[in-house]
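To start, the structure itself, in C-alpha cells.
Numbers restart at 1 for each chain; the letters A, B, ... are given by sequence-line order, proteins then strands. Side chains are part of it too, since the values below use all heavy atoms of this structure and drop only hydrogens, waters and symmetry mates.
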2 protein chains.
Amino acid sequence: MAERLDRRQARTKQLLRKALLEIIAEKGVDGITVTDISNRADVNRGTFYLHYQDAPDMLRQIMNEIIMSLFALMQEMDPVVMRQYAVKDIPYPNLVRLLTEFANNADFLKVMLGPKGDPSFAQQIMTEFTSRISNRLAYWQPSDENMLIPRDYLIAYISSANFGVVKYWLETDIKLTPEEVTLILMRVSNLGPMSMTGLPNKNLIDTAKSSDVHGTP
Amino acid sequence: MAERLDRRQARTKQLLRKALLEIIAEKGVDGITVTDISNRADVNRGTFYLHYQDAPDMLRQIMNEIIMSLFALMQEMDPVVMRQYAVKDIPYPNLVRLLTEFANNADFLKVMLGPKGDPSFAQQIMTEFTSRISNRLAYWQPSDENMLIPRDYLIAYISSANFGVVKYWLETDIKLTPEEVTLILMRVSNLGPMSMTGLPNKNLIDTAKSSDVHGTP
DNA sequence: TTATTAATCAACATCATGTTCATTAACGAA
DNA sequence: TTCGTTAATGAACATGATGTTGATTAATAA
C-alpha cells in the first residue's frame with residue numbers, strides 16, 4: 001500500500017486538487033494546463049510532475065475516487081427491498097444514500113456530466129446504471145418471450161432515463177432533496193412515465209403484439 | 001449569401017473535411033491538431049487558416065451542418081399524427097426519416113455521442129429532444145394537477161430515455177433498421193417501459209397519490 | 001489570354017510541455 | 001535538539017504545435 005505521511009506531500013496534493021476542481025468548475029475539462037493548475041495552487045510547476053504524470057492523469061485519479069464512492073453505494077441496492085419500499089411509496093434508504101453522495105459532489109459532477117465535461121466519465125457511471133438495471137430486469141422478467149421490444153433496448157431506455165433524471169437534478173443545482181428525487185425515480189420506474197401524467201392509460205398491448213420488432217431470427 | 005464557386009476552395013475544403021472526419025473516427029475529438037488535419041488532407045498548414053480560424057472552429061461548423069439536417073427533420077414530426085400511427089402500431093414515417101438521417105451520419109454521430117465525443121454536441125441534440133417532448137406532453141396533459149412527479153422531471157426522464165435509445169442504436173452499429181427503432185420508440189412511449197416486459201402492471205397509483213413530491217409550495 | 005486569387009513554402013515569435021540539476025528547507029526519527 | 005532524508009523550488013533546456021507573414025507559384029474565371 002501507499003504510505004504517504006509526509007505533510008509536504010499531503011499539502012501540495014491537497015492544493016493541486018483544490019486548484020483543479022476550481023479550474024474545472026470555471027472552464028470545464030477542456031484545455032486544462034499544468035501551468036494553470038500549479039499557478040493557481042501556488043506550487044512550482046516541476047512539483048506537479050512529482051505527483052502526476054500530466055493533467056489528464058490527475059483528472060483520471062480524481063474521477064476514480066468519486067466513481068468508486070458512487071459504485072460502492074450502488075452495490076448496496078437490492079431490487080427486492082426497493083420494490084417493498086416502492087409499493088409503500090416510501091423512499092428506499094439506500095437509494096437516498098446514493099443520491100446524497102451525488103449531492104455531496106454536486107459541483108464536480110455537474111460540470112463533468114455537463115456540456116463542458118468528460119463524456120468518458122459520464123459513460124462509466126452510465127455503464128454501472130445499465131448493469132444495475134439489467135440485473136433488476138432479469139429478476140422481474142427472465143424470459144424474452146413476451147417482450148414487446150428487444151431486451152437490450154429496454155435496458156438502454158430505462159437506464160438512460162434514470163441517469164438523465166439524476167443529471168437533470170444536478171444541472172438544476174439540486175433544488176430537490178435526495179428523498180424527493182428518490183421518490184420520483186421509484187414512482188416512474190414502477191408505474192411508467194405515462195402514468196405520471198395522471199391520465200388514463202389506453203391499452204395498446206394487443207395491437208402491438210401483432211407485429212414483430214425483435215431481432216430474433 | 002456566400003458565393004463560393006472556385007474549384008480550388010471547394011476541393012481543399014472537401015479534403016479538410018474528409019481528413020477531420022477520419023481523424024475523429026480514429027482518435028475521437030480530443031487533441032485534434034491543425035497539423036494532423038492538414039497533413040492527412042495533403043494540404044499546406046497555412047491553407048487551413050484560409051478556411052477556418054482553428055481546429056475547434058472547423059469542428060463546430062461541421063457539427064452545425066449535421067445538427068441542422070437533424071433539426072429540420074425533427075420539426076416535421078406531429079404528435080397527433082404520430083399518435084394515429086401509434087395506435088395502429090405502424091412506424092410513423094417522419095420518425096423513420098429522422099432516424100434514417102441519423103443512420104446516414106452514423107460514423108460521425110457514433111463517435112461524437114460516445115465517450116471520445118463532444119458533450120456539447122450531445123447536449124444540443126438532447127435539448128431539441130427535450131423541447132419536442134415538452135410540446136408533446138403539454139398537448140396530452142396541459143395541467144399539472146394530477147401529475148405524480150414534477151413535469152420537468154418527467155420531461156427529463158422521457159427525453160433522456162429516447163435519446164438514450166438512439167445513442168444505443170448508434171453504439172451497436174445500427175444493427176436494426178430505422179423502421180424497427182421507430183417502432184421501439186413508439187411502443188415504449190405509448191405503453192411505458194414496464195409494459196414492454198409483457199408482465200401485468202400492478203396499479204400503485206392510489207398509494208402514490210397519498211404523498212406529495214411536487215415542488216409546488 | 002489575362003487579371004485575379006487560392007495554395008504553397010519558408011520563416012518567425014510564442015507558449016505549454018516534460019525533463020534535468022543544483023539548491024533550499026521542511027520533515028521524521030533518534 | 002540534531003541530523004540524515006527527501007520534498008519543493010527555481011532556472012534552464014529541447015521539443016512540438018500554434019498562429020502569422022510575405023514572397024512565389026499555379027489554378028481559375030471571365
Interatomic distance where OH belongs to A:Tyr49 and P belongs to C:dA16 [whole Å] = 11 Å
Mind grabbing the angle between the end helix axes of the helix from C:dT1-D:dA30 to C:dA30-D:dT1? Five pairs an end, 10° rounding.
-> 40°
Does OP1 or OP2 of D:dG16 have a side-chain N or O of B:Thr35 closer than 4.0 Å?
-> no
Take atom CD of B:Gln53 as the centre, draw a 6.0 Å sphere, and report whether it contains more than 12 heavy atoms from other residues, nucleotides or ligands.
-> no
Quick one, give me the B/S/- string for nucleotides 24-30 of chain C, reading 5' to 3', where B means a protein heavy atom under 4.0 Å from the base and S means that only happens at the primed atoms, P, OP1 or OP2.
-> -BBSS--
Does the side chain of A:Tyr157 come within less than 4.5 Å of B:Met196's, by heavy atoms?
-> no
Would you tell me if any nitrogen or oxygen in the side chain of A:Thr33 comes within less than 4.0 Å of OP1 or OP2 on C:dA16?
-> no
B:Thr12 vs C:dA7: side-chain N/O to OP1/OP2 distance below 4.0 Å | yes
Please name the residue in the list A:Thr100, A:Ile90, A:Leu99, A:Leu98 that meets the side chain to side chain contact (heavy atoms under 4.5 Å, CB included) test with A:Thr182.
-> A:Leu99
Is it the case that more than 12 heavy atoms not belonging to B:Asp107 sit under 6.0 Å from its CG atom?
-> no
Interatomic distance, A:Ile32 CD1 vs C:dT17 P [rounded to whole Å] = 11 Å
Does A:His51 have a side-chain nitrogen or oxygen under 4.0 Å from the phosphate oxygens OP1 or OP2 of D:dA8?
-> yes
Take B:Val34 and A:Arg45, find for each the nucleotide of DNA chain D with the closest heavy atom, and name the residue whose nucleotide sits nearer the 5' end.
-> A:Arg45
